[in-house]
Amino acid sequence: MPLDPQAKAIIDLVVAAGFGDLGPGTDPVAMRALMNEAAMVSDIEIADVSELAIPGPADAIAARLYRPMGDAPLPVIVYFHGGGWVLGSLATHDGICRGLAAGVGAVVVSVDYRLAPEHCYPAAVEDSLAAVRWVAANAGSIGADPDRLVVAGDSAGGNIAAIVAQQARSSGPAIAFQLLVYPATDHEFTSVSMEDNAVGYYLTRASMRWFYDLYLTDPAEGADPAVSPIRNPDLAGLPPAYVVTAEYDPLRDQGLAYVAAMRAAGNVVADHTYAGLFHGFFSMGSMIDAAQVAFDDAVAAVRSAVA
């Protein structure tokens with residue numbers, strides 16, 4: 001279907017604000033600051049929000065704890081923000097995390113993993129796995145049930161969530177569910193959706209190249225399953241998953257390919273491609289009606305999984 005009219009209006013706004021077509025010459029530190037300044041303040045009410053410092057493989061990992069109404073122990077979602085492993089923060093994804101906490105009725109721990117180019121691969125994955133292990137080990141102290149542990153993320157955060165789910169199969173902790181929102185699953189630039197949506201839909205193919213150039217110290221690292229989770233030769237035994245993709249997204253086809261690969265390996269996977277929407281819509285429910293529908297669908301999938 002054509003691009004949703006509300007989505008088109010948002011794309012025009014974000015491009016005018018300077019967030020479109022990132023690439024060589026873009027200062028990642030300045031862009032982070034610009035995104036943080038533009039982050040929308042959420043009015044979703046929950047019981048409590050507090051800051052955490054989680055022991056990490058390098059320094060302490062900053063995180064934010066969202067506690068909904070309800071009696072402990074509650075399900076717990078560990079959330080990894082998007083931003084191409086370069087951008088994004090606790091502030092930019094505050095609304096998503098509040099919405100998940102309130103909608104699912106779960107404790108949410110949002111992880112401020114190290115970003116490139118200051119900290120290249122595998123820093124983000126190492127921090128994220130450490131955070132998940134800490135949450136599992138300390139679930140009681142944050143009012144959470146470690147048997148209902150969900151990993152979730154959007155874009156690069158979806159990439160991280162998928163990788164953490166793979167790595168936790170052998171080393172723990174047990175993960176009950178994955179929510180992967182338009183995840184990057186393969187270091188590739190030639191799929192049909194990469195070609196068809198290369199420009200004009202907020203995330204561009206050039207931007208993806210820029211993100212990878214900053215995240216990886218060597219392009220050959222793109223073949224590592226800890227960068228491209230679809231390239232893991234063993235995808236059996238993964239947690240059930242719900243995967244969200246968007247019609248006008250360069251990453252659409254690699255997300256769908258990961259769905260197919262997980263199913264072929266015997267995993268339980270539900271997915272939905274949202275027509276007329278673009279990469280980045282998940283936080284835009286207040287401006288795009290179809291985006292709110294997609295968010296509500298994801299909340300329902302997670303809530304059902306951890307009921």
> Under 4.5 Å between any side-chain heavy atoms of L238 and R169, yes or no?
Replying inline: yes
> Linking I/L/V/M/F/W/Y whenever any side-chain heavy atoms sit under 4.5 Å apart, do Y182 and L3 land together?
Replying inline: yes
> If you look at every heavy atom in E188 and M194, which pair is closest and at what distance?
Replying inline: O-CE, 3.3 Å
> Hey, does W210 have a side-chain heavy atom less than 4.5 Å from the side chain of V86?
Replying inline: yes
> With a 4.5 Å heavy-atom cut-off, do Y202 and D249 have their side chains touching?
Replying inline: no
> Out of D196, V192, N197, which residue meets the side-chain contact (heavy atoms from CB on, under 4.5 Å) rule with D253?
Replying inline: V192
>> Listing request: all salt bridge (charged side-chain N to carboxylate O under 4.0 Å, His left out) pairs with a residue in residues 29-46, at least two apart in sequence or in separate chains.
In response: R32-E118
>> Once side-chain hydrogen bond (donor to acceptor under 3.5 Å, both in side chains) is applied, do any residues pair with S50, and if so which ones, sequence neighbours excluded?
In response: none
> Is there a path of hydrophobic side-chain contacts, each under 4.5 Å between heavy atoms of I, L, V, M, F, W or Y residues, that connects L100 with M40?
Replying inline: yes
> Just by distance, do the side chain of R148 and the backbone of P73 share a donor-acceptor pair under 3.5 Å?
Replying inline: yes
> Does atom CG of D48 have more than 12 heavy-atom neighbours, drawn from other residues, nucleotides or ligands, at distances under 6.0 Å?
Replying inline: yes
> I163 and L216: same hydrophobic cluster, using ILVMFWY side-chain contacts below 4.5 Å?
Replying inline: yes
> What heavy-atom pair brings P250 and S193 nearest, and what distance separates the two atoms?
Replying inline: O-OG, 2.8 Å
>> Any donor-acceptor pair under 3.5 Å linking the side-chain atoms of T217 with those of E221?
In response: yes
> Under the 3.5 angstrom rule, does the side chain of E247 hit a backbone N or O of G276 as a donor-acceptor pair?
Replying inline: yes
> With sequence neighbours left out, what residues match R303 under salt bridge (charged side-chain N to carboxylate O under 4.0 Å, His left out)?
Replying inline: none
>> Within this structure, what is the CG-CZ distance for the pair L149 and R133, rounded to the nearest 0.5 Å?
In response: 12.0 Å
> Pairs in or reaching into residues 95-112: which pass salt bridge (charged side-chain N to carboxylate O under 4.0 Å, His left out), with residues at least two apart or in two chains?
Replying inline: D94-R98
>> Checking the side chain of R64 only, and the main-chain atoms of C97 only, is there a donor and an acceptor separated by less than 3.5 Å?
In response: no
> Who passes side-chain contact (heavy atoms from CB on, under 4.5 Å) against E126, sequence neighbours left out?
Replying inline: P57, R114, P122
>> Ignoring hydrogens, what is the shortest heavy-atom contact between A130 and I61? Give both atom names and the distance.
In response: CB-CD1, 4.2 Å
> What pairs with Y201 under ring-ring contact (aromatic ring centres under 6.0 Å, His included), at least two apart in sequence or on another chain?
Replying inline: Y248
> Quick one: does Q178's side chain have a donor or acceptor within less than 3.5 Å of a partner on A152's backbone?
Replying inline: no
>> Between L179 and L90, is there shared hydrophobic-cluster membership here, with clusters defined by ILVMFWY side-chain heavy atoms closer than 4.5 Å?
In response: no
>> I need the minimum non-hydrogen distance between P183 and G158, along with the two atoms involved.
In response: CB-C, 3.8 Å
>> Working to the nearest 0.5 angstrom, can you tell me the gap between L251 CG and T185 OG1?
In response: 8.0 Å
> Could you state the interatomic distance from CE (M262) to CG (D271), rounded to the nearest 0.5 Å?
Replying inline: 8.5 Å
>> According to side-chain hydrogen bond (donor to acceptor under 3.5 Å, both in side chains), who are the partners of D296, at least two apart in sequence or on a separate chain?
In response: Q292
> Going through the distances and angles, do I77 and V107 end up as a side-chain contact (heavy atoms from CB on, under 4.5 Å)?
Replying inline: CA-CA 6 Å; I77 302 169; V107 174; over 6 Å; no
> Any side-chain heavy atom of V150 within less than 4.5 Å of one from V302?
Replying inline: yes
> What ring pair (Phe, Tyr, Trp, His ring centres under 6.0 Å) pairs are there with at least one residue in residues 148-180, not counting sequence neighbours?
Replying inline: none
> What pairs of residues pass the side chain to side chain donor-acceptor pair (under 3.5 Å) test when at least one of them lies in residues 149-166, not counting sequence neighbours?
Replying inline: Y79-D154, W85-N159, H93-D154, S155-H279, Q166-N232, Q166-Y258
> Run the side-chain contact (heavy atoms from CB on, under 4.5 Å) check on Y121 and D224 step by step: do they pass?
Replying inline: CA-CA 11 Å; Y121 165 79; D224 191 323; 2.6 Å; yes
>> Please tell me whether L256 and V269 are part of a single hydrophobic cluster in this structure, the criterion being side-chain heavy atoms less than 4.5 Å apart.
In response: no
> Would you say the side-chain atoms of S304 pair up with the backbone N or O of A300, donor to acceptor, closer than 3.5 Å?
Replying inline: no
> Tell me, do Q167 and V125 make a side-chain contact under 4.5 Å, heavy atoms counted?
Replying inline: yes
> Please, which pairs that meet ring pair (Phe, Tyr, Trp, His ring centres under 6.0 Å) have at least one residue in residues 283-306, sequence neighbours excluded?
Replying inline: F282-F295
>> In the structure I gave you, are the side-chain heavy atoms of V76 and D145 within less than 4.5 Å of one another anywhere?
In response: no
> Going through the distances and angles, do L203 and M208 end up as a side-chain contact (heavy atoms from CB on, under 4.5 Å)?
Replying inline: CA-CA 8 Å; L203 178 66; M208 283 305 303; 3.9 Å; yes
> Taking all atoms of both residues into account, what is the closest heavy-atom pair of L214 and A116, and its distance?
Replying inline: O-CB, 3.3 Å
> Rounded to the nearest 0.5 Å, how far does CG of L13 lie from CE of M287?
Replying inline: 8.5 Å
> If every non-hydrogen atom of G222 is compared with every non-hydrogen atom of S228, which pair is closest and at what distance?
Replying inline: O-OG, 2.6 Å
> Quick one: does I10's side chain get under 4.5 Å of F281's, heavy atoms only?
Replying inline: no
> Under 6.0 Å between the ring centres of H187 and F189?
Replying inline: yes
>> Looking only at the side chains, is there a donor atom on one of D297 and Y274 sitting less than 3.5 Å from an acceptor on the other?
In response: yes
>> Do V49 and L65 have side chains that approach each other closer than 4.5 Å (heavy atoms only, starting at C-beta)?
In response: no
> Do Q254 side-chain atoms and D186 backbone N/O form a donor-acceptor pair below 3.5 Å?
Replying inline: yes
>> Can you tell me how far apart CE (M35) and CG (L87) are? Round to the nearest 0.5 Å.
In response: 5.5 Å
>> Run the side-chain hydrogen bond (donor to acceptor under 3.5 Å, both in side chains) test against T26 and tell me which residues pass, sequence neighbours left out.
In response: none
> NE2 of H272 to OG1 of T245: how many Å apart, nearest 0.5 Å?
Replying inline: 8.0 Å
> Would you say the side-chain atoms of Y113 pair up with the backbone N or O of H81, donor to acceptor, closer than 3.5 Å?
Replying inline: yes
> Among pairs that include at least one residue of residues 124-176, which meet ring pair (Phe, Tyr, Trp, His ring centres under 6.0 Å), considering only residues two or more places apart or in two chains?
Replying inline: none
> Is the backbone of A63 close enough, under 3.5 Å, to the side chain of S110 for a donor and an acceptor to pair up by distance?
Replying inline: no
>> Checking D12 against K8 for the salt bridge (Lys or Arg N to Asp or Glu O under 4.0 Å) test, could you report, in this order, the C-alpha distance in whole Å, the side-chain angles of both residues, the deciding distance, and whether it holds?
In response: CA-CA 6 Å; D12 292 343; K8 174 63 166 60; 2.9 Å; yes
